[in-house]
> 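Have a look at this one.
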There are 2 protein chains.
Amino acid sequence: MLSRLPRVATLQARNASAIASQEPSAPSMKTAVPGPKSKQLREQMDPIHQTASVRMFVDFEKSFGNYIVDADGNTMLDIYTQISSLPLGYNHPDLVKAAADPKFITSLVSRPALGSFPRTDFPSGISHALTSIAPKGLKAVQTMLCGTSANENAIKQAFIWYMAQRRGGAPPDAAHLESCMVQQKPGTPSLSVLGFQGSFHGRSLCMLSVTRSKAIHKVDIPALDWPIAKFPRYKYPLKDNKEYNDAQDRECLKDVEEKIQEWKKKDNDVAAIIVEPIQAEGGDHYGSPQFFQGLRDITKKNGVVFIVDEVQTGGGATGDVWAHAHWNLSSPPDIVTFSKKLLTGGYYYADHLKVKEGYRIYNTWCGDPTKLYLLEKVVEVIQRDNLIEKTKSVGEKFQKALAELQASHSSKLSQARGRGTFAAIDLPTSALRDKLVDTAIANGLHCGGCGDKTLRFRPALIFGEKHLEIAFDILDKSVKQI
Amino acid sequence: MLSRLPRVATLQARNASAIASQEPSAPSMKTAVPGPKSKQLREQMDPIHQTASVRMFVDFEKSFGNYIVDADGNTMLDIYTQISSLPLGYNHPDLVKAAADPKFITSLVSRPALGSFPRTDFPSGISHALTSIAPKGLKAVQTMLCGTSANENAIKQAFIWYMAQRRGGAPPDAAHLESCMVQQKPGTPSLSVLGFQGSFHGRSLCMLSVTRSKAIHKVDIPALDWPIAKFPRYKYPLKDNKEYNDAQDRECLKDVEEKIQEWKKKDNDVAAIIVEPIQAEGGDHYGSPQFFQGLRDITKKNGVVFIVDEVQTGGGATGDVWAHAHWNLSSPPDIVTFSKKLLTGGYYYADHLKVKEGYRIYNTWCGDPTKLYLLEKVVEVIQRDNLIEKTKSVGEKFQKALAELQASHSSKLSQARGRGTFAAIDLPTSALRDKLVDTAIANGLHCGGCGDKTLRFRPALIFGEKHLEIAFDILDKSVKQI
């Protein structure tokens with residue numbers, strides 16, 4: 001390790017300056033967004049692939065650092081980062097260099113079925129990329145392709161453990177194996193997962209049953225009869241609303257306990273609870289450390305698997321790699337799922353949840369080595385460049401600037417909230433929120449919404465003070481314009 | 001296009017010779033499989049990632065063409081190809097060259113959220129990679145990450161269409177949008193998907209409800225009450241068993257019609273049928289063209305979406321890019337799903353199924369451009385090197401050799417069947433099949449099973465006559481040894 005230090009130091013010097021010198025000094029807009037080239041590409045694609053959700057086409061070769069460049073040459077400061085999934089912004093020099101390594105090329109063209117025939121460097125890749133940032137108290141990890149497959153398999157692993165407990169720890173016997181093929185008990189059990197109002201855990205049919213953020217995700221799709229409990233809806237600033245917010249915590253925890261009992265009576269036991277540290281798609285709703293400690297206590301008491309979905313919150317923007325680290329839980333979550341900024345999907349799980357039999361948590365690819373190796377480099381850069389510490393420091397200024405923005409526009413903005421650079425603010429209506437997003441984009445700040453009327457901030461970990469100034473100048477101007 | 005021809009010709013010459021000269025001339029075994037290095041890596045990985053399904057660790061840098069090289073330097077002819085997912089074998093020179101292109105590096109390190117901010121070259125990538133090989137009668141395609149997400153979203157699109165039909169084509173109204181948030185009708189409907197005994201469509205909770213290949217996949221996981229119909233179980237050779245097999249077709253089609261009526265009475269309408277052309281995980285069970293034409297007729301008559309799952313069969317091994325092309329259907333399937341050999345997951349769909357509203361068929365990444373661009377090159381190589389035609393020709397010899405192998409070992413082998421190089425043969429028991437797989441691997445032929453007692457053949461499209469000879473020599477020797 002020592003011999004690498006001088007090389008790392010050189011890289012650091014070069015890359016820090018590379019980002020600073022190659023990044024645009026400010027946004028520069030040439031057309032409306034989407035511009036004529038984006039529109040033309042959309043027309044070209046429309047007969048062969050859906051375009052209903054396409055906002056613009058992007059020139060990923062020209063995009064760099066915190067700046068996204070679209071097909072029409074519009075250069076925007078990006079605080080939306082491909083739906084919160086770029087840890088180091090666009091084309092980070094260290095990642096570009098890493099991705100040229102032959103192991104990336106081999107992994108691309110000769111993709112392994114990782115569950116059965118992993119690459120010889122897969123164990124070290126997991127160790128460097130994932131064990132090194134494992135949440136406190138968890139060590140084992142399962143790679144997957146995306147957040148939805150991470151959540152789906154985390155839930156499967158919870159069901160498998162729950163049923164093994166019912167059998168006193170024994171693997172499935174003949175009665176279970178035979179009955180599951182005709183989907184009868186005991187092999188096919190009635191079990192449920194408890195989710196929360198406002199939550200988002202993915203869009204597979206199973207995950208949609210615990211996703212309650214927006215109707216357009218769920219409408220027309222059949223669902224499972226799984227319980228949904230209340231999630232706190234705090235008033236901000238927190239320090240001025242302690243009594244109200246504490247009551248929210250108590251009410252929601254009571255609802256969780258009641259739902260667990262209710263579903264037990266329906267012979268549809270709650271095997272797992274899945275919860276986001278921040279409901280990041282549903283409108284940036286936070287839970288307090290006390291709320292989550294209460295949840296942990298309830299799951300312990302009821303023998304329910306506690307799954308924390310860090311797909312959007314994981315990766316450092318909250319000032320820790322894991323948002324749940326801020327809770328100081330008495331014991332770690334049973335499972336923590338991730339994707340987005342961590343590039344590979346997957347989940348950490350407690351040792352007692354380990355599945356002994358093969359082919360139960362399994363699929364053809366079980367992930368993608370190219371994403372794991374990239375994450376390895378991302379983790380190295382985050383540590384080398386102190387990006388978590390920097391995000392914490394920029395985050396404090398960010399939250400202050402957000403509060404000031406709200407104070408300057410108190411008729412239009414409310415509920416400023418956040419942690420690190422992971423932040424949000426509310427508009428009075430959905431229409432006004434959408435108008436602010438469009439106006440900010442037209443002014444050179446690429447941003448996006450969440451929930452019904454929330455503007456969400458999801459900058460990369462290389463977002464610094466100069467970006468902060470530009471972002472809030474544009475926001476101030478844009479709020480005035482709407 | 002014309003200007004590219006000379007370059008292509010040079011590439012062809014060089015690469016044809018490159019594969020021939022760099023590929024080992026025969027397998028060479030140094031240790032048992034798994035060998036000591038694989039075992040050591042397994043021990044290293046066991047505390048941090050599940051290893052229960054790991055067969056061996058692979059040296060993907062040394063593997064080439066049709067040959068896989070494991071961590072211990074064992075060189076095996078591979079007819080399993082990472083669970084049927086390598087179209088051109090290992091490290092094909094054209095793919096290696098393509099993957100070094102800067103657009104791969106940019107796509108890796110600055111991954112787009114394709115549903116909203118696609119790359120400027122995404123429309124042309126879709127056109128070259130996917131439109132160019134679209135199944136007859138289908139043009140629109142949706143990219144996804146894997147086979148399971150392809151099937152999940154295909155089913156969602158079927159539900160969305162089915163409900164729009166109920167509304168006379170109208171989008172969801174307020175009553176639907178509100179009720180779906182509390183999972184009540186009309187927004188959350190009771191709808192089902194009909195699958196078949198022996199089928200495999202993935203391992204998410206929803207897909208497991210129509211997957212019936214093996215108990216170990218399904219046990220302990222809750223399931224949806226969706227109908228399962230009988231799938232033909234033919235006797236081989238087909239020409240000697242026409243009467244029996246035709247009766248199978250009639251019985252299974254009758255069962256499908258009955259199940260559709262039964263579920264309609266339960267107020268759980270069948271919105272879609274999902275079926276594999278060959279039940280490729282469940283034991284290589286085939287349906288005849290008449291059977292599938294019958295299915296197509298039933299779906300038309302009942303207004304049910306007809307989904308053909310070509311995740312394992314698509315990509316050319318059957319002698320056509322699409323196995324369902326052999327059926328000569330009167331009208332195309334409504335949806336065809338794919339993954340594995342096509343490198344990107346996704347599905348083609350008929351124009352009438354197009355979803356008008358955004359964010360309904362959607363997720364963060366909606367696929368991965370690196371896989372699409374690789375597929376673009378794969379398609380180019382397949383066309384340039386006539387690999388489908390060659391597979392058809394090798395396939396005929398393959399089927400003949402398989403029949404001869406069975407004739408030589410008629411007490412141990414039965415039901416030789418296949419199309420192109422996609423083939424299978426049965427052993428008397430599961431234990432004996434596993435023993436044959438292990439013995440063949442020890443003798444230098446890397447293969448795998450499917451179903452209860454079937455050996456499956458899944459060579460790459462570069463599998464030629466010399467590989468055929470080696471494979472069947474090893475099989476003959478191995479069958480004698482078990």
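Excluded from the calculations below are hydrogen atoms, water molecules and symmetry mates; all remaining heavy atoms, backbone and side chain alike, are included. Lettering follows sequence order; numbering is per chain, from 1.
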> What residue, out of B/Arg55, B/Met181, B/Lys371, B/Lys354, has the most heavy-atom pairs lying under 4.5 Å from chain A?
B/Met181
> Are A/Phe117 and B/His446 side-chain neighbours, meaning at least one heavy-atom pair lies under 4.5 Å?
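In short, these two side chains touch, coming nearer than 4.5 Å.
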> Do A/Glu152 and B/Ser204 have side-chain N/O donor and acceptor atoms under 3.5 Å apart?
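Short answer, no.
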> Looking only at non-hydrogen atoms, find the nearest pair between B/Tyr359 and A/Arg203 and report the distance.
O-NH1, 2.9 Å
> Under 4.5 Å between any side-chain heavy atoms of A/Phe60 and B/Pro369, yes or no?
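Side-chain contact under 4.5 Å: no.
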> Measuring only between side-chain heavy atoms, which start at C-beta, is A/Asp368 closer than 4.5 Å to B/Asp368?
yes
> In terms of heavy-atom proximity below 4.5 Å to chain A, should B/Val182 be classed as side chain, backbone, both, or neither?
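For B/Val182, the backbone is the part near chain A, not the side chain.
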> Quick one: are B/Ser209 and A/Gln183 in side-chain contact, heavy atoms under 4.5 Å?
yes
> So for B/Thr188, is it side chain, backbone, both, or neither that comes closer than 4.5 Å to the heavy atoms of chain A?
both
> Looking at the rings of A/Tyr348 and B/His49, which for Trp means the six-membered one, are their centres under 6.0 Å apart?
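Between B/His49 and A/Tyr348, which both carry aromatic rings, the centre distance is not below 6.0 Å.
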> When you compare the side chains of A/Thr364 and B/Lys340, does any donor N or O come within less than 3.5 Å of an acceptor on the partner?
yes
> Kindly indicate whether the side chain of A/Ile361, heavy atoms from C-beta on, has any atom under 4.5 Å from the side chain of B/Gln50.
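A/Ile361 vs B/Gln50: side chains touch.
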> Using the test side chain to side chain donor-acceptor pair (under 3.5 Å), find all partners of B/Tyr80 that sit at least two apart in sequence or belong to another chain.
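So B/Tyr80 forms a side chain to side chain donor-acceptor pair (under 3.5 Å) with B/Arg456.
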> Taking every non-hydrogen pair under 4.5 Å, which of B/Gly358, B/Ala99, B/Ala52, B/Pro222 racks up the most with chain A?
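When all of B/Gly358, B/Ala99, B/Ala52, B/Pro222 are compared, B/Pro222 has the most.
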> Look only at the side chain of A/Arg360 and the backbone of B/Lys218, and say whether a donor-acceptor pair between them is shorter than 3.5 Å.
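Flag not set: sc A/Arg360 to bb B/Lys218 has no pair under 3.5 Å.
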> Any side-chain heavy atom of A/Gln82 within less than 4.5 Å of one from B/Pro112?
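A side-chain contact under 4.5 Å exists here.
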> For chain A, which of B/Leu88, B/Thr131, B/Ile48 has the most heavy-atom pairs under 4.5 Å?
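Ranked by contacts with chain A, first place is B/Ile48.
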> Going by heavy atoms in the side chains, are A/Leu224 and B/Leu205 under 4.5 Å from each other?
yes
> Let me know if A/Thr143 has heavy atoms under 4.5 Å from chain B in its side chain, its backbone, both or neither.
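For A/Thr143, the contact with chain B is made by backbone and side chain together.
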> Is the shortest distance from a Lys or Arg side-chain nitrogen in A/Lys156 or B/Asp220 to a carboxylate oxygen in the other one below 4.0 Å?
no
> Given heavy-atom pairs under 4.5 angstrom as the criterion, report whether the side chain, backbone, both or neither of A/Ile155 touches chain B.
neither
> For residues A/Leu374 and B/Leu108, determine if any side-chain heavy atom of one lies less than 4.5 Å from a side-chain heavy atom of the other.
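Side-chain contact under 4.5 Å: yes.
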> Under 3.5 Å, is there a donor-acceptor pair linking the side chains of A/Asn91 and B/Ser110?
yes
